[in-house]
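Note sheet for the following structure.
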Amino acid sequence: QAPNGTNTCPDYVPEANFYKIEAILRPWRISHVTSGLLKMGIRGLTVSDVRGFGAQGGSPERQAGSEFSKDKFVSKVKMEIVVSKDQVEAVIDTIIDEARTGEIGDGKIFVVPVADVIRVRTGERGLEAERMAGGRSDILSGAR
Ligand code: ATP
Ligand code: GLN
């Protein structure tokens, strides 16, 4: 059940079968995060360009050694990944591993309960809609 020891699930509240992991990250870490997620069998995710401020405030973003700032918001990428409950912690671990620099501005992750998933093409709902061919479940169960 926990072949690699990574899929222990805390009792998230409110309880749901699916959760959306919403991560606000540095744009230049996104390719690393995406590679890590693909490697672990994540096959569906959505990204958008966003702007915001946190502890980093409007201080200039450092990118490739040079600093720049357009206005008081800092450009970030929001990554949204809906997964089954037992995959949430593994996804969070991968995001942290691939996104963390240790400097202010590394970002934040929100875990949001999702009531249902519907695949538009087929009308499937729930687990059938959330599963992706060749995805993490298939990989962990040894399927292809
Ligand atoms: P189909 O089998 O019909 O292709 P699918 O489940 O692969 O269905 P798509 O229609 O290819 O889904 O997905 C459309 C968009 O939905 C993707 O480009 C992505 O932005 C988003 N998406 C799909 N799955 C997820 C997910 N699990 N989490 C976040 N975003 C997702
Ligand atoms: N949980 C899905 C699976 O194991 C993958 C979901 C995703 O890629 N976002 O098939």
Side-chain angles (χ1 to χ4, degrees), residues 1-59 61-64 68-144:
Q1 197 174 358
N4 49 15
T6 54
N7 60 349
T8 49
C9 346
D11 292 325
Y12 310 113
V13 177
E15 202 181 315
N17 291 326
F18 312 107
Y19 291 85
K20 179 167 74 169
I21 296 144
E22 196 172 299
I24 315 290
L25 304 169
R26 296 182 196 274
W28 61 276
R29 300 302 299 181
I30 292 302
S31 58
H32 298 84
V33 175
T34 306
S35 310
L37 291 172
L38 278 169
K39 222 173 285 171
M40 67 180 284
I42 295 303
R43 294 287 172 270
L45 61 81
T46 302
V47 292
S48 15
D49 294 324
V50 296
R51 296 183 308 148
F53 59 80
Q56 190 184 17
S59 62
E61 176 76 307
R62 210 168 290 132
Q63 202 164 306
F68 66 93
S69 73
K70 275 187 237 124
D71 52 40
K72 64 177 183 166
F73 294 106
V74 180
S75 291
K76 299 285 176 185
V77 169
K78 179 166 74 174
M79 186 174 266
E80 297 169 273
I81 311 150
V82 174
V83 294
S84 52
K85 181 183 185 174
D86 62 320
Q87 297 180 353
V88 171
E89 290 302 309
V91 168
I92 291 171
D93 289 348
T94 295
I95 293 172
I96 293 173
D97 282 351
E98 302 297 339
R100 189 174 179 282
T101 69
E103 305 262 329
I104 283 171
D106 273 350
K108 208 161 246 184
I109 300 173
F110 307 106
V111 179
V112 185
V114 169
D116 204 358
V117 180
I118 297 111
R119 180 172 276 125
V120 173
R121 179 174 58 84
T122 58
E124 291 166 302
R125 300 187 75 121
L127 208 54
E128 291 192 327
E130 188 272 340
R131 287 268 188 272
M132 309 276 291
R136 183 164 177 81
S137 292
D138 282 356
I139 291 170
L140 292 179
S141 70
R144 207 43 189 99

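Index from 1, following the sequence. When reading the values below, keep in mind they use all heavy atoms of this one structure, side chains included, and skip hydrogens, waters and symmetry mates. Whatever order the structure lists them in is the order used to number ligands and atoms, beginning at 1.
- The closest non-hydrogen atom to atom 8 (O) of ligand 2, taken over Arg43, Lys85, Lys20, Glu80, comes from Arg43.
- Glu98 has its side chain out of reach of Ser35: every pair of non-hydrogen atoms, C-beta onward, lies at least 4.5 Å apart.
- Glu128 is not listed as a side-chain neighbour of Thr122, based on a closest heavy-atom distance of 4.5 Å or more.
- Close contacts between ligand 2 and Val82 involve ligand atoms 6 (C), 7 (C), 9 (N) [criterion: under 4.0 Å to a heavy atom].
- Between the Asp138 side chain and the Ala133 main chain, no donor and acceptor come within less than 3.5 Å of each other.
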Donor-acceptor pairs are to be reported for all side-chain atoms of residues 108-117 against protein atoms at under 3.5 Å, with residues two or more places apart or in another chain.
residue: Asp116; atom: OD1; partner: Gly126; partner atom: N; Å: 3.1
residue: Asp116; atom: OD2; partner: Arg125; partner atom: NE; Å: 2.9
residue: Asp116; atom: OD2; partner: Arg125; partner atom: NH2; Å: 2.9

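- Shortest contact from atom 1 (N) of ligand 2 to any protein heavy atom: Glu130 OE2, 2.5 Å.
- Residue contacts with ligand 2, taken as heavy atom pairs separated by less than 4.0 Å, involve Gln87 solely via side-chain atoms from C-beta onward.
- Proximity of Trp28 to Thr101: side-chain heavy atoms (C-beta onward) are separated by under 4.5 Å at one or more points.
- Side-chain contact check for Val47 versus Met79: some heavy-atom pair is nearer than 4.5 Å.
- Looking at ligand 2, you won't find any N or O of Ile42 less than 3.5 Å from one of its N or O atoms.
- The backbone N or O of Leu37 lies less than 3.5 Å from no partner atom in the side chain of Arg136, so there is not a single donor-acceptor pair.
- Considering backbone and side-chain atoms together, Ile81 places no N or O closer than 3.5 Å to any N or O of ligand 2.
- For Arg43 (side chain) and Leu38 (main-chain N/O), a donor-acceptor pair under 3.5 Å exists by modelled atom type.
- Atom CD of Glu124 is separated from atom CZ of Arg119 by 5.0 Å, given to the nearest 0.5 angstrom.
- With contacts defined as side-chain heavy-atom distances shorter than 4.5 Å, the pair Arg51/Lys76 does not qualify.
- Looking at Asp138 against ligand 2, nothing comes within 4.0 Å, counting heavy atoms.
- Two residues are said to be in side-chain contact when any heavy atoms from C-beta on lie closer than 4.5 Å; Leu127 and Asn17 fail this criterion.
- For ligand 1, residues of the protein lying within 4.0 angstrom by heavy-atom distance are Gly44, Leu45, Thr46, Glu80, Ile81, Val82, Arg119, Arg121, Met132.
- Closest protein heavy atom to atom 10 (O) of ligand 2: Met132 N, 2.9 Å.
- For ligand 2, the atoms lying closer than 4.0 Å to a non-hydrogen atom of Arg131 are 10 (O).
- Scanning the protein heavy atoms around atom 4 (O) of ligand 2, the nearest turns out to be Ser137 N, 2.8 Å.
- Ligand 2 has no atom lying under 4.0 Å from any heavy atom of Leu45.
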